[in-house]
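Reviewing the structure listed below.
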Amino acid sequence: MNEHVDAALAAALEGGNGGNGAAPAGEAKNPLLAALGDRVRNLRAQRGLTRKAVAIAADVSERHLANLEYGIGNASILVLQQVAGALHCSLAELVGDVTTSSPEWLLIRELLENRSEADLRRVRVAIGELLGTASVDPARHRRIALVGLRGAGKSTLGQMLAEDLEIPFIELSREIEKLAGCSVREIHDLYGTNAYRRYERRALEEAVQIYSEVVIATPGGIVSDPATFNELLAHCTTVWLQAAPEEHMGRVAAQGDTRPMAASKEAMEDLRRILNGRAAFYSKADLSVDTSGKTLSQSFQALRAVARQSMGLA
């Protein structure tokens, strides 16, 4: 399927994990360091970054970062600050608690602790209504936004759906490139991930302002920025196009991109980690369509059915 390059996934597939940071067999881990390693690994997966990319951005060796991720590296506070910067998060988030900054945060955390995902979703919606940020967009059900990793079929199926519904189709990645005046890869290389996220947010906001009816194929990493993802959820009916990791990889290769297979034996492990890291966010979509094991026609019919039902069409 001709899906536009998802820069984060492409980077992960090209680079692999890197380093030889496996924990020595039988070595006991400090629980605090093990938990810290899990958070570093999960944050890296959510952002679709390779270990090599984070190590370069943080100015630490891959082996040092690998040891940190496996819970056997006792990093200094300065190194942790560098790693937090490379992962585009605060040091507080990296070490595991952003809810200790005020008494109100602590009280809110106590109320939310051990609640189910369904309860937390209701709280999030209620907070949005209380603060005036909840969706009151009457066109929300007429904007269909497809989310998922590269290889899920967002571009191909999105184009087919738009033609069937006789409404415009846009690829958000192309809109980002128009705004920036360069390719997605060049944005990342020249200006960094933070700049890319700003272009991504602006492109989405402009698309929502321009189109009251549209099918949007979103970049795979759009869920990595909570503010942008909230914007998407507020103004579009979202559909998660799911696929098995092997199918994601196979479809990317079928597009003529053989780098994932050739660059690293750990590419599939990276892909699974990205999927695992983002699945909880993708699952917040209003609808989902699993394309695993389906032909293009079967996938389209499944998407068409849920989209038309959501839009109130026969």
Side-chain angles (χ1 to χ4, degrees), residues 5-22 33-98 149-150 173 176-177 179-180 182-202 219-229 259-260 263-264 266-267 269-278 281:
V5 173
D6 173 346
L9 178 57
L13 293 177
E14 288 174 21
N17 270 326
N20 297 306
L33 295 180
L36 175 61
D38 285 341
R39 281 192 291 275
V40 172
R41 200 161 51 246
N42 289 337
L43 284 166
R44 180 166 68 80
Q46 289 170 14
R47 285 150 177 76
L49 296 171
T50 64
R51 186 182 295 151
K52 181 177 181 180
V54 174
I56 291 173
D59 195 25
V60 299
S61 71
E62 282 188 69
R63 184 171 186 81
H64 193 72
L65 181 60
N67 287 339
L68 177 61
E69 289 191 356
Y70 281 109
I72 58 175
N74 192 355
S76 72
I77 194 69
L78 292 177
V79 168
L80 292 180
Q81 188 174 45
Q82 291 168 228
V83 172
L87 292 171
H88 312 289
C89 68
S90 67
L91 184 58
E93 183 179 2
L94 184 69
V95 297
D97 196 352
V98 296
L149 284 185
R150 183 185 179 199
S173 292
I176 293 169
E177 292 179 330
L179 287 174
C182 59
S183 70
V184 167
R185 177 57 56 83
E186 287 172 329
I187 297 172
H188 282 280
D189 291 345
L190 295 174
Y191 309 116
T193 301
N194 287 340
Y196 171 80
R197 294 299 173 208
R198 289 194 295 271
Y199 281 118
E200 183 179 60
R201 176 72 179 274
R202 183 179 161 194
I222 198 168
V223 297
S224 298
D225 185 87
T228 303
F229 192 40
R259 293 170 298 173
S264 172
E266 297 170 337
E269 180 185 343
D270 278 330
L271 180 55
R272 287 196 176 95
R273 184 173 293 116
I274 292 171
L275 275 172
N276 290 337
R278 292 179 179 172
F281 295 91

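FYI, side chains are in, hydrogens and waters are out, and symmetry mates aren't considered; it's all heavy atoms of this structure.
- From Arg63, atom CZ reaches atom OH of Tyr70 across 11.0 Å, with rounding to the nearest 0.5 Å.
- Contact between Gln81 and Leu91 at its shortest, heavy atoms only, is N-CD1, 4.0 Å.
- Across every non-hydrogen atom of Arg51 and Ala66, the tightest pair is NH1-CB, 3.7 Å.
- Shown here are the side chain to side chain contact (heavy atoms under 4.5 Å, CB included) partners of Ala180, two or more places apart in sequence or in another chain: Cys182, Ile187, Tyr199.
- Between the CZ atom of Arg278 and the CZ atom of Arg47 there is a distance of 10.0 Å, given to the nearest 0.5 Å.
- No side-chain heavy atom of Leu68 sits less than 4.5 Å from a side-chain heavy atom of Val60.
- In this structure, the side chain to side chain contact (heavy atoms under 4.5 Å, CB included) partners of Leu190, at least two apart in sequence or on a different chain, are Glu186.
- Take Thr228 and apply the side chain to side chain donor-acceptor pair (under 3.5 Å) test, not counting sequence neighbours, and it matches Asp225.
- To the nearest 0.5 angstrom, Leu275 atom CG is 4.5 Å from Leu149 atom CG.
- Within the model, atoms CD of Gln82 and CG of Leu65 stand 11.5 Å from one another, a figure rounded to the nearest 0.5 Å.
- Taking CZ of Arg201 as the reference point, atom CD1 of Ile176 lies at 13.0 Å (rounded to 0.5 Å).
- Closest heavy-atom contact between Ser173 and Val184: O-CG2, 4.1 Å.
- By the side chain to side chain donor-acceptor pair (under 3.5 Å) test, Asp38 pairs with Arg41, sequence neighbours left out.
- At a threshold of 4.5 Å between non-hydrogen side-chain atoms, the residues Val40 and Leu94 count as touching.
- Of all heavy-atom pairs spanning Ser183 and Glu177, the tightest one is CA-OE2, 3.4 Å.
- Closest non-hydrogen pair, Ala45 versus Gly277, comes out as CB-CA, 4.3 Å.
- Contact detail for Glu200 and Ile222: the closest heavy-atom pair is OE2-CA, 3.6 Å.
- In this structure, CZ in Arg44 is found 8.5 Å from CD1 in Ile274, a value given to the nearest 0.5 Å.
- Residues meeting the side chain to side chain donor-acceptor pair (under 3.5 Å) test with Ser61, sequence neighbours left out: none.
- Partners of Ala35 by side chain to side chain contact (heavy atoms under 4.5 Å, CB included), not counting sequence neighbours, listed by chain and number: Arg39.
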